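Inspection log for the structure reproduced underneath, given as structure tokens.
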Number of protein chains: 2
Amino acid sequence: MTATIKDVAREAKVSVASVSRALNGSGGVTPATEQRIREAATRLRYVPHGAARSLITKRTHTVGALMPDLHGEFFSELIRGIDLEARSHGLHLLVSSSHDGVDDAAAALRAMQGRVDGIVILSSPRVDAAFLDANLPEGLPTVLLNSGVKGTAHAVLNIDNFAGTYAMVRHLAGLGHKRIALVSGPKDNFDAQQREAGFRAAMAELAPNEPLRVVAGDFSEQSGYQAGLELLALKTRPQAVFAANDMMAVGCLQAFKEAGVEVPGEIALAGFDDIPIARYVTPSLSTVRVRIADLGKNAMDLLADLMDRPGVSAASVHTLGCDIVVRESCGAQRGAAAGATTKKTQRKPVR
Amino acid sequence: MTATIKDVAREAKVSVASVSRALNGSGGVTPATEQRIREAATRLRYVPHGAARSLITKRTHTVGALMPDLHGEFFSELIRGIDLEARSHGLHLLVSSSHDGVDDAAAALRAMQGRVDGIVILSSPRVDAAFLDANLPEGLPTVLLNSGVKGTAHAVLNIDNFAGTYAMVRHLAGLGHKRIALVSGPKDNFDAQQREAGFRAAMAELAPNEPLRVVAGDFSEQSGYQAGLELLALKTRPQAVFAANDMMAVGCLQAFKEAGVEVPGEIALAGFDDIPIARYVTPSLSTVRVRIADLGKNAMDLLADLMDRPGVSAASVHTLGCDIVVRESCGAQRGAAAGATTKKTQRKPVR
DNA sequence: AGCTTCCATGAAAACGTTTACGTTCGCCCT
DNA sequence: AGGGCGAACGTAAACGTTTTCATGGAAGCT
């Protein structure tokens with residue numbers, strides 16, 4: 001079918017060893033014969049058989065990406081960042097997404113065994129330390145994304161949820177809002193936990209005398225809508241609402257609109273993530289921007305590092321900063337134009 | 001390091017051949033010894049070495065996905081659909097995205113050589129018949145997505161752009177609009193071409209006496225905004241505007257808003273794709289819905305079919321229908337509630 | 001009881017590479 | 001001029017599987 005190294009050797013009248021050496025640049029080959037070999041190779045459209053190669057070298061030049069079942073921008077941008085960086089490291093990307101259950105993820109992990117040189121894992125609540133210990137092949141370089149697991153065996157890369165939230169709350173407080181409410185995320189979600197912690201810390205420092213207003217959400221638009229209704233029903237209505245993600249903020253916004261409560265006039269609103277929709281709702285949504293592609297890129301860099309090392313001291317924790325994006329919904333841009341196209345947004349990096 | 005088949009054989013006191021047979025269910029093994037082998041395997045945490053296996057079987061159980069550099073929903077949903085279906089076929093997914101140039105894509109294709117049993121290629125204008133002939137290994141099962149290439153060697157799966165556009169134009173015409181303008185997409189984009197063809201066909205049939213109003217866009221929001229301005233400047237303003245994708249429709253909408261032209265009151269608007277943003281702009285955007293995950297799933301099914309066959313008669317062309325989604329921007333729901341959460345949208349399948 | 005048949009099992013080849021180890025040969029050095 | 005040395009190249013082993021073929025023995029048949 002397709003040409004093998006033997007065919008090239010015969011064509012160039014050398015041994016297979018010389019072909020291998022010439023094509024891999026391992027030296028020990030005369031420029032003249034190297035040229036002859038290269039010509040023979042292209043003439044036969046020779047491409048080395050990856051499986052055979054990795055059988056002997058024990059390297060697959062492939063990294064795996066294991067992700068829960070998620071839709072939308074986050075997924076695609078993350079893959080994009082990882083893939084781009086992987087390519088620049090000469091690596092391929094084996095994707096296994098859409099894992100709902102533990103068994104599902106375990107099977108995927110097992111199937112990756114021996115097909116990849118390293119793995120990036122985007123955490124879901126199911127993926128905890130115990131799961132990793134049980135299912136990760138020992139010694140396989142691993143980077144955990146957005147994970148609370150402080151394992152000793154793998155690197156962890158997190159979004160700086162805490163600082164991002166803190167900065168946004170400070171921004172809101174700076175606009176004069178003291179009664180700030182939080183719409184929190186799922187209890188078992190790591191990002192949600194950190195965002196709530198950031199909120200509590202910021203409030204403790206910036207508005208220590210205010211009672212804490214936290215209403216529970218689950219990151220869905222629907223739960224944001226519900227939370228919005230609850231907040232409006234409060235005896236003393238908050239001046240500002242910080243939703244732990246943008247979808248919930250959008251839900252809130254909808255509830256406020258339907259109730260005829262003006263945003264940001266009567267109540268300010270902010271979210272977290274900067275999903276594309278945030279720019280297009282009316283009023284446009286102030287939020288904390290996560291540079292997802294960068295997250296993927298950094299994760300890949302981290303992984304490449306781990307793979308180069310002799311596997312010692314893999315444990316480390318890294319953090320990716322985020323920016324706050326000021327649009328209309330928080331009331332800081334009262335005079336700004338309202339156009340999506342012409343709209344100006346201010347962006348400040350956190351820290 | 002990790003256990004090999006020999007270790008299992010020793011542990012179970014049989015030959016490697018028996019281990020292979022037992023674990024692959026090839027028969028010819030006593031239930032008793034099979035059990036013994038299975039126990040030994042799990043005890044040693046044995047996982048077959050993929051590379052070694054595919055070296056001899058010539059199957060990688062992996063399919064490749066080659067895609068241009070695109071962001072957002074389309075990418076993630078497509079991958080999601082492909083991955084999900086691949087898994088149900090027992091296949092892995094090797095992704096190579098973000099290819100801007102021809103050389104880039106060619107290199108990626110070459111690198112996939114021997115690592116995959118089949119490929120799904122999402123077309124970009126650069127990927128034409130000549131490119132495929134030059135870079136696709138002969139006999140490798142291939143499915144082309146959204147491609148104008150009518151090759152004899154691969155299967156092609158397209159969105160039914162024509163019917164989708166036709167249906168939307170018919171819907172607009174049914175609302176009484178006869179002067180309908182098109183904002184077209186990039187000239188070299190296959191989807192854009194088909195959508196324009198659908199538009200022309202529909203207009204020829206439904207409003208044969210109207211002069212054709214087509215203004216050029218490039219699928220970007222910015223170009224939609226420009227197109228919107230051009231349309232407003234026309235001597236006889238159109239009653240409805242059909243944008244060849246949603247991003248341009250959003251740009252149009254912005255232009256209309258800034259000019260104080262009411263949508264859908266003074267001018268109706270529709271797009272194509274049903275991106276998530278479409279639901280959240282005000283007024284919400286009527287559009288043609290493409291079930292992207294289904295597209296990926298069908299592509300994968302097609303590919304799996306090709307891989308099972310002895311590679312004969314791969315050529316075929318398939319089409320995936322789309323639905324029109326009626327929201328506020330086309331003026332059909334004058335009395336409907338405006339809420340995103342409570343918003344009701346009608347969906348009709350095309351044909 | 002003897003012969004055939006069949007089934008479980010083992011030995012070994014094959015897949016396409018890389019690489020450690022020999023071998024050959026030309027060259028330099030004294 | 002002869003011995004040694006290093007560069008270029010070839011031979012063969014190794015990687016971990018699957019699979020073909022051979023072998024043995026038990027079971028079935030006459």
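Just so it is clear, the values below take in all heavy atoms, side chains as well, and ignore hydrogens, waters and symmetry mates. Everything numeric in this text was worked out from a predicted model, so none of it was measured. Per chain, numbering begins at 1; letters A, B, ... match sequence-line order.
Per the geometry, CD1 belonging to A:Ile56 stands 7 Å off C1' belonging to C:dT19, to the nearest Å. Distance B:Ile5 CD1 to C:dA12 P: 17 Å, rounded to the nearest Å. Between A:Leu55 atom CG and D:dT18 atom P there is a gap of 12 Å when expressed in whole angstrom units. Straight-line distance from the OH atom of B:Tyr46 to the C1' atom of D:dG16: 7 Å, rounded to whole Å. In this structure, B:Lys6 places its NZ atom 13 Å from P of C:dA12, rounding to the nearest Å.
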Measure all distances between protein nitrogen or oxygen atoms and nitrogen or oxygen atoms of nucleotides 21-24 of chain D, and list the pairs falling under 3.5 Å.
none

Below 3.5 Å between N/O atoms, which protein atoms pair up with nucleotides 22-28 of chain C? Just atom names and distances, please.
none

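Within a 6.0 Å sphere centred on CZ of A:Arg43, heavy atoms belonging to other residues, nucleotides or ligands number more than 12.
A sub-4.0 Å separation between OP1 or OP2 of D:dG16 and a side-chain N or O of B:Arg53 is absent. OP1 or OP2 of C:dG16 lies within a sub-4.0 Å distance of a side-chain N or O belonging to B:Lys58.
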| task | Report the C-alpha distance between B:Asp117 and B:Lys58 in whole Å, list the side-chain angles of each, state the deciding distance to 0.1 Å, and finish with yes or no for salt bridge (charged side-chain N to carboxylate O under 4.0 Å, His left out). | result | CA-CA 9 Å; B:Asp117 297 336; B:Lys58 308 223 174 264; over 6 Å; no

| request: May I have the step-by-step check of side-chain hydrogen bond (donor to acceptor under 3.5 Å, both in side chains) for A:Thr62 and B:Arg115, ending in yes or no? | output: CA-CA 10 Å; A:Thr62 303; B:Arg115 312 179 75 93; 2.7 Å; yes

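Without hydrogens or angle criteria, B:Asp7 side chain to B:Ala3 main chain gives no donor-acceptor distance under 3.5 Å. Checking side-chain atoms of B:His99 against main-chain N and O of B:Ser97 turns up a donor-acceptor pair under 3.5 Å. Within the 3.5 Å criterion, the main-chain N or O of B:Arg38 finds a donor-acceptor partner in the side chain of B:Thr42. Of the possible polar contacts, none joining the B:Arg80 side chain to the B:Ala293 backbone as a donor-acceptor pair under 3.5 Å is found. In this structure, the side chain of B:Asn135 does not engage the main chain of B:Ala106 through any donor-acceptor pair within 3.5 Å.
Residues of residues 27-37 of chain A having a heavy atom closer than 4.0 Å to DNA chain D, listed by number: A:Gly28, A:Val29, A:Thr30, A:Thr33. Of the residues in residues 7-18 of chain A, A:Ala17 come within less than 4.0 Å of DNA chain C through at least one heavy atom, sorted by number.
Rotation axes derived from the C1' atoms of the five outermost pairs at either end of the helix from C:dA1-D:dT30 to C:dT30-D:dA1 lie 40° apart, to the nearest 10°.
Looking at residues two or more places apart in sequence or on another chain, you find no side-chain hydrogen bond (donor to acceptor under 3.5 Å, both in side chains) involving B:Ser54.
Within the 4.5 Å cutoff, no side-chain heavy atoms of A:Ser76 are placed close to those of A:Ile79. A:Leu136 is listed as a side-chain neighbour of A:Leu109, based on a closest heavy-atom distance under 4.5 Å. Looking only at side-chain heavy atoms (C-beta outward), A:Leu145 and A:Asn158 stay at 4.5 Å or farther from each other. By the 4.5 Å heavy-atom criterion applied to side chains, A:Leu44 and A:Glu11 are counted as neighbours. Within the 4.5 Å cutoff, no side-chain heavy atoms of B:Val149 are placed close to those of B:Phe190. Residues B:Val143 and B:Met300 form no side-chain contact, since every pair of their non-hydrogen atoms from C-beta on lies 4.5 Å or further apart.
Distances from the side chain of B:Ser20 to the nucleotides C:dT19, C:dG16, D:dT18 place D:dT18 closest.
There is a side-chain donor-acceptor pair under 3.5 Å between A:His89 and A:Asp301.
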